[in-house]
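On a predicted model such as this, the values are computed, not experimentally measured, just so you know. Hydrogens, waters and symmetry mates are skipped; everything else that's a heavy atom, side chains included, is used.
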There are 2 protein chains.
Amino acid sequence: MNDRRTRIVEAATDLICRNGFQQTSVDDVIREAGLCGKAHFYHYFKSKEELGYAVVQHRFEQFAEEGLSILRDPMVDPLERLDRFIDAEVASQAEQDCRGGCPFGNLVTEMADAHEGFRQRLATVFERWAGQLQSVLWEARPQLRDDADIARMARFIIATLEGGLLMSRVTRDVTHMEAIAGDLKRFIAAQRRETPAVSVGP
Amino acid sequence: MNDRRTRIVEAATDLICRNGFQQTSVDDVIREAGLCGKAHFYHYFKSKEELGYAVVQHRFEQFAEEGLSILRDPMVDPLERLDRFIDAEVASQAEQDCRGGCPFGNLVTEMADAHEGFRQRLATVFERWAGQLQSVLWEARPQLRDDADIARMARFIIATLEGGLLMSRVTRDVTHMEAIAGDLKRFIAAQRRETPAVSVGP
DNA sequence: TGACGCTAAGACTGGTCGGTCTTATTGTTG
DNA sequence: CAACAATAAGACCGACCAGTCTTAGCGTCA
């Protein structure tokens with residue numbers, strides 16, 4: 001059945017996000033999932049690489065559900081949503097004791113140069129992530145300066161978060177991530193229209 | 001002689017910066033350096049890990065000389081130096097076709113969680129890097145707002161550059177790095193004193 | 001010339017890896 | 001019960017790795 005494949009992908013996602021792709025062996029995944037032999041694994045996946053692609057896909061779906069969903073909450077002001085998303089990233093880093101970093105960033109570092117297939121799939125992940133941020137910023141457009149470049153801002157936010165994760169990971173000090181996230185919020189705040197837009201009646 | 005050890009470290013630095021630590025075998029290093037056998041290698045280095053530490057050290061010395069030296073040029077205004085440093089990072093990324101990223105960032109991702117020895121040495125690297133940035137910002141203090149937090153700014157700059165390298169690496173598009181670097185410069189510019197400080201005569 | 005000590009080179013060891021192949025077990029149909 | 005199909009499990013293969021051990025070749029000194 002297909003949910004056995006799903007089960008394998010889940011186990012592999014855990015392992016790969018924790019230890020990286022190269023440091024996770026197919027045997028490890030089999031053992032962790034514990035419901036098929038090696039030959040059977042290669043019935044579900046043409047190769048280990050194929051498993052890696054499935055993991056990228058799966059992890060992004062998790063992220064879209066657990067992380068990016070904050071950006072979609074229609075009951076909250078868009079710029080407030082953005083702040084909450086940034087706070088959630090900081091909180092998540094604190095929760096895992098500054099270890100692990102961003103699974104997508106990790107895989108970029110590990111695989112992007114050597115493996116075009118991974119690079120493309122990861123590029124798609126970041127594109128979609130940036131797309132969600134752009135949607136929020138677009139909603140917040142009336143509050144933003146006319147010259148605010150939304151696509152650019154979205155990429156800047158991602159880059160800064162990724163860098164913040166890296167810095168707090170190496171220092172193992174979440175206050176670094178907090179400070180960087182704080183500065184990022186100030187950067188975003190600086191893109192707000194100085195005089196708030198006034199809605200004009202008919 | 002000791003310069004044979006140096007030669008090995010140089011070869012290993014090339015290989016490890018290009019392919020990562022785990023993906024570089026001791027045999028690869030031997031072959032690349034081409035001037036000693038394996039047993040001899042283990043005379044110079046207690047283990048592969050030890051070689052890795054030497055590579056971190058060596059690569060940082062290169063970086064301090066080639067990259068960070070821009071920050072020390074006494075003939076240039078400090079904030080101008082900072083801009084030039086950022087430009088140099090972008091140019092370097094363009095030169096290597098958006099591949100490779102930052103060797104220190106790569107090693108953090110690869111090793112920091114699993115290997116305390118690497119984590120500590122890499123933390124030192126980032127500390128020194130941040131230290132150089134702080135020196136520049138300190139020099140620029142008269143031009144900066146009174147509430148500018150210099151240590152925080154230094155870390156923010158590093159984080160943003162690291163994130164920019166990652167983004168342009170996955171998209172293989174240096175314009176992303178350029179845009180992020182541009183926003184970073186705007187962030188720094190926003191920390192300038194609004195009314196320039198006036199030197200008061202006696 | 002001959003005996004000895006030192007070093008460089010790479011063969012070797014035990015282990016891991018991705019991926020395949022064989023075998024055992026189960027279920028199904030007459 | 002018997003013959004066969006489908007599937008599961010893990011033994012196995014060649015390649016590679018970090019680290020050690022053996023050996024062959026060199027210079028040195030008598």
Side-chain angles (χ1 to χ4, degrees), chain A residues 1-58 106-107 109-119 121, chain B residues 1-56 58 106-107 110-111 113-118 121:
Chain A
M1 273 288 101
N2 238 16
D3 57 3
R4 194 174 296 209
R5 192 190 134 106
T6 303
R7 186 68 197 82
I8 295 171
V9 172
E10 284 168 1
T13 302
D14 276 0
L15 289 170
I16 288 174
C17 289
R18 193 161 39 236
N19 306 116
F21 181 75
Q22 321 237 35
Q23 282 306 294
T24 303
S25 74
V26 172
D27 286 330
D28 291 339
V29 173
I30 306 271
R31 209 172 306 123
E32 177 81 5
L35 37 66
C36 74
K38 209 164 177 181
H40 209 57
F41 171 89
Y42 281 95
H43 167 71
Y44 290 123
F45 302 95
K46 202 183 69 194
S47 63
K48 189 192 176 189
E49 183 181 282
E50 201 84 18
L51 171 68
Y53 297 162
V55 164
V56 171
Q57 174 72 25
H58 180 71
N106 296 348
L107 285 172
T109 300
E110 190 181 351
M111 309 299 294
D113 287 349
H115 234 107
E116 181 63 13
F118 273 97
R119 207 213 95 234
R121 282 160 178 84
Chain B
M1 274 289 101
N2 238 17
D3 58 3
R4 195 173 296 209
R5 192 190 134 107
T6 304
R7 186 68 196 83
I8 295 171
V9 172
E10 284 168 359
T13 302
D14 276 0
L15 290 170
I16 289 174
C17 289
R18 194 162 37 237
N19 306 116
F21 181 74
Q22 321 238 33
Q23 282 306 295
T24 303
S25 75
V26 172
D27 285 329
D28 290 338
V29 174
I30 305 272
R31 209 171 308 121
E32 177 80 6
L35 37 66
C36 74
K38 209 163 177 180
H40 210 58
F41 171 90
Y42 281 95
H43 167 72
Y44 290 124
F45 302 95
K46 202 183 71 193
S47 63
K48 189 191 175 188
E49 183 183 282
E50 202 84 16
L51 170 68
Y53 297 161
V55 164
V56 171
H58 180 71
N106 296 348
L107 285 172
E110 189 180 352
M111 308 299 295
D113 287 349
H115 232 107
E116 181 62 13
F118 273 97
R121 282 160 179 84

query = So do B:Glu110 and A:Glu110 actually touch side chain to side chain, heavy atoms under 4.5 Å?
reply = no
task = Check every nucleotide of DNA chain D for an atom under 4.0 Å from a heavy-atom of chain B, then give the first and the last such nucleotide from 5' to 3'.
result = D:dC17 to D:dC21
ask   = Just how far, in rounded Å, is P of C:dC17 from CG of A:Leu51?
value = 14 Å
message = As an exercise, state the distance from CG of A:Leu15 to CD of A:Gln23, rounded to the nearest 0.5 Å.
response = 12.0 Å
Rounded distance in Å - CG (A:Asp28) to P (C:dT16) = 10 Å
note = What one should report as the nearest heavy-atom pair of B:Lys38 and B:Ile30 is CA-CD1, 3.9 Å
query = Within 45° of the axis and under 6.0 Å from the centre of the six-membered ring of B:Tyr44, does NZ or CZ of B:Arg5 qualify?
reply = no
query = Do the non-hydrogen side-chain atoms of A:Glu10 and A:Asp14 ever get within less than 4.5 Å of each other?
reply = no
Interatomic distance, A:Glu49 CD vs C:dC17 P [rounded to whole Å] = 18 Å
task = Could you state the atom-to-atom distance from NE2 of A:His43 to P of C:dG18 in whole Å?
result = 20 Å
note = Between B:Cys36 and B:Ile8 the two heavy atoms that sit nearest each other are SG-CD1, 3.9 Å
task = Kindly give the heavy-atom pair with the smallest separation between A:Val9 and A:His58, and that separation in Å.
result = CG1-CB, 3.5 Å
request  = Treat primed atoms plus P, OP1 and OP2 as sugar-phosphate and everything else as base, then score nucleotides 4-10 of chain C 5' to 3': B for base contact with protein heavy atoms under 4.0 Å, S for sugar-phosphate contact only, - for none.
outcome  = ----SBB
inquiry  = Using whole Å, what does the distance between atom P of nucleotide C:dT13 and atom CG of B:Asp27 come to?
reply    = 16 Å
key: A:Thr109 OG1 to B:Asn106 CG distance, which is reported to the nearest 0.5 Å   = 5.5 Å
key: Interface with DNA chain C, restricted to residues 109-118 of chain A and to heavy atoms under 4.0 Å   = none
request  = Measure the spacing between CD1 of B:Ile16 and CG of B:Leu107 and express it to the nearest 0.5 Å.
outcome  = 7.5 Å
ask   = What is the distance, rounded to the nearest whole Å, between atom CZ of A:Phe41 and atom P of C:dT20?
value = 11 Å
ask   = Hey, are B:Thr6 and B:Asp3 close enough side-chain-wise for a donor-acceptor pair under 3.5 Å?
value = no
Distance in angstrom units between A:Phe45 CZ and C:dT20 C1', rounded = 18 Å
query = Is NZ or CZ of B:Lys48 both nearer than 6.0 Å to the six-membered ring centre of B:Phe41 and within 45° of the ring axis?
reply = no
